[in-house]
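Quick notes on the structure that follows.
Along the sequence shown, residues carry numbers from 1. What's counted below: heavy atoms across the whole structure, side chains too, no hydrogens, waters or symmetry copies.
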Amino acid sequence: IKLMRVSAPKLEKLDDVNALEFLRREGVTDNAINKLWRFFVFSMLNVPLEICSAAELIILMKKWSRPIFSQVGFVKIGLGDIYVKNAKEYIENKGGKIHHATVTKISFKNGKIDHLLIKNGENHEKLTGDIYVSSLTPIDLREILPEEILFNDFFKNLNAFVPVPYISVNLWFDKKLSHKKFWAMLNDSSTSSYMNTDFYDQSNIYEERSDKSYITSNIIFSEAYKEMTDKEIVDKTLQELHEAFPHFKGKMIHSHVHKIPYVIYAPTPGMRKHKLPHKTSVDNFFLTGDWTMRDLTQCIESAVTSGYRC
């Protein structure tokens with residue numbers, strides 16, 4: 001109730017305070033912090049309490065408190081399978097064209113974007129348009145902006161964003177491990193002894209995989225594990241699985257480790273002032289992405305909403 005009453009000016013001031021300091025200031029006990037808040041903030045905002053903005057935590061709690069009725073759902077197909085085909089058809093039916101190419105540079109002239117340099121296989125081409133909308137991460141966007149634009153008064157804020165990396169572990173087994181769709185392993189101390197944050201048994205989510213367990217897990221904020229080999233990561237994940245299911249006798253038949261350098265930006269104290277609006281200082285250039293949203297935390301929903309608003 002108290003969080004719901006935080007005014008906009010106070011919220012922005014709390015962006016300079018970390019979430020751990022804020023919770024302790026509000027009288028939350030260390031026992032509650034270690035058993036509840038550490039995991040909740042880490043899994044939802046993807047950074048430890050000590051380096052998470054209190055303002056971002058408050059925004060998250062406000063959004064979570066509003067729904068009268070809510071459920072947790074699992075999609076039965078990949079998210080790309082849901083929207084890509086319809087989006088492609090919509091664009092093409094409107095006369096648009098989709099280029100399967102990589103943008104290597106944005107070129108500016110007379111205060112506007114003049115063209116994009118794109119690489120299509122071995123070919124380098126120029127692509128021009130009336131309006132340019134970026135859905136890139138701030139990390140990727142700053143790689144293709146010329147230096148004089150990247151460090152001007154508007155775009156220099158891009159340099160403040162720090163990525164949150166993930167490691168996704170995929171394990172295939174010869175038999176069922178459980179009938180659970182999701183689980184996590186919690187600590188009751190300030191230092192986690194677990195590498196993985198959350199686990200999913202996809203055989204209980206995807207109907208076509210129902211006979212043998214296919215386990216996926218997320219190692220969130222994975223910088224501390226970047227030097228580990230894939231084998232070391234798999235071995236540690238198996239150890240954590242056996243702790244959760246000590247009687248499981250199945251055999252792993254395949255594994256894959258996927259290292260993702262950027263999933264979201266790190267919502268550290270002081271970051272909100274660096275968020276950029278949809279309309280840039282360049283007349284024909286607009287931005288989308290969760291990092292442009294001030295009233296939502298970084299997530300898929302926030303990214304989609306930014307596209308509608310832009």
Side-chain angles (χ1 to χ4, degrees), residues 75 77-166 168 258-266 271 273-310:
V75 293
I77 60 175
L79 293 177
D81 296 328
I82 294 174
Y83 67 83
V84 171
K85 181 176 180 292
N86 289 338
K88 180 175 181 293
E89 289 178 353
Y90 179 85
I91 291 170
E92 291 176 340
N93 289 340
K94 295 288 185 179
K97 182 179 179 181
I98 297 174
H99 297 263
H100 298 280
T102 301
V103 177
T104 59
K105 185 179 179 182
I106 303 176
S107 294
F108 294 79
K109 185 178 180 180
N110 299 326
K112 293 184 177 182
I113 293 181
D114 183 65
H115 63 271
L116 305 178
L117 287 177
I118 64 172
K119 183 179 180 182
N120 191 349
E122 296 299 320
N123 299 320
H124 295 265
E125 306 171 18
K126 290 183 179 181
L127 188 65
T128 60
D130 298 321
I131 294 175
Y132 299 81
V133 181
S134 169
S135 59
L136 295 175
T137 73
I139 311 302
D140 290 332
L141 179 57
R142 67 194 187 201
E143 290 297 317
I144 60 174
L145 287 174
E147 190 170 299
E148 66 272 16
I149 298 294
L150 180 58
F151 292 97
N152 70 18
D153 288 341
F154 183 87
F155 285 102
K156 66 182 181 182
N157 289 286
L158 290 172
N159 297 291
F161 286 87
V162 175
V164 172
Y166 269 40
S168 177
H258 184 202
K259 296 180 179 179
I260 310 162
Y262 181 103
V263 174
I264 57 173
Y265 71 89
M271 272 304 302
K273 62 179 174 287
H274 297 292
K275 290 190 174 189
L276 296 179
H278 300 309
K279 182 173 174 55
T280 74
S281 57
V282 178
D283 287 345
N284 60 345
F285 191 22
F286 299 84
L287 305 174
T288 65
D290 60 2
W291 57 278
T292 66
M293 300 291 289
R294 301 187 63 83
D295 57 337
L296 294 170
T297 58
Q298 69 280 36
C299 59
I300 294 175
E301 294 81 4
S302 180
V304 171
T305 302
S306 76
Y308 279 104
R309 291 183 181 176
C310 183

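Shortest non-hydrogen contact noted between Cys299 and Asp290 is N-OD2, 3.3 Å. Among all heavy-atom pairs drawn from His115 and Tyr132, the shortest one is CA-OH, 3.9 Å.
Here Leu127 contributes atom CG and Ser107 contributes atom OG; the two are 11.5 Å apart, rounded to the nearest 0.5 Å. One distance of note links CG of Leu145 with CD1 of Ile106; it measures 5.0 Å at 0.5 Å rounding. Here the CZ atom belonging to Arg294 is positioned 10.0 Å from the CG atom belonging to Leu276, to the nearest 0.5 angstrom. Considering CG of Leu141 and CG of Leu287, their distance stands at 6.5 Å, rounded to 0.5 Å. To the nearest 0.5 angstrom, Asn284 atom CG is 8.0 Å from Phe108 atom CZ. Remark: Ile113 CD1 to Thr128 OG1 distance equals 11.5 Å, nearest 0.5 Å.
Identified under the salt bridge (charged side-chain N to carboxylate O under 4.0 Å, His left out) test for residues 139-161, with sequence neighbours left out: Asp153-Lys156. Identified under the salt bridge (charged side-chain N to carboxylate O under 4.0 Å, His left out) test for residues 81-90, with sequence neighbours left out: Lys85-Glu89, Lys88-Glu92. Within the structure, salt bridge (charged side-chain N to carboxylate O under 4.0 Å, His left out) contacts touching residues 110-136 (residues at least two apart or in different chains) do not occur.
When the side chain to side chain donor-acceptor pair (under 3.5 Å) test is applied to Ser135, no partner is found at least two apart in sequence or on another chain. Residues that satisfy the side-chain contact (heavy atoms from CB on, under 4.5 Å) test with Tyr90, not counting sequence neighbours, are Lys94. In terms of the side-chain contact (heavy atoms from CB on, under 4.5 Å) criterion, residue partners of Ile91 (sequence neighbours excluded) are, by chain and number, Ile98.
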Using the rule given for side chain to side chain contact (heavy atoms under 4.5 Å, CB included), can you reason through Trp291 versus Leu158, listing the C-alpha separation, both sets of side-chain angles and the distance that settles it, and then say yes or no? CA-CA 10 Å; Trp291 57 278; Leu158 290 172; 3.6 Å; yes

Just do the side chain to side chain contact (heavy atoms under 4.5 Å, CB included) check on Tyr265 and Thr137 with the steps written out, would you? CA-CA 8 Å; Tyr265 71 89; Thr137 73; over 6 Å; no

Side chain to side chain contact (heavy atoms under 4.5 Å, CB included) assessment of Phe154 paired with Val282: CA-CA 9 Å; Phe154 183 87; Val282 178; over 6 Å; no

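Aromatic ring orientation, Phe155 versus Phe285: parallel (interplanar angle below 30°, classes split at 30° and 60°).
Atom CD1 of Ile131 is surrounded by 12 or fewer heavy atoms from other residues, nucleotides or ligands within 6.0 Å. With a 6.0 Å radius and a threshold of 12 heavy atoms from other residues, nucleotides or ligands, Lys109 has its NZ atom at or below the threshold.
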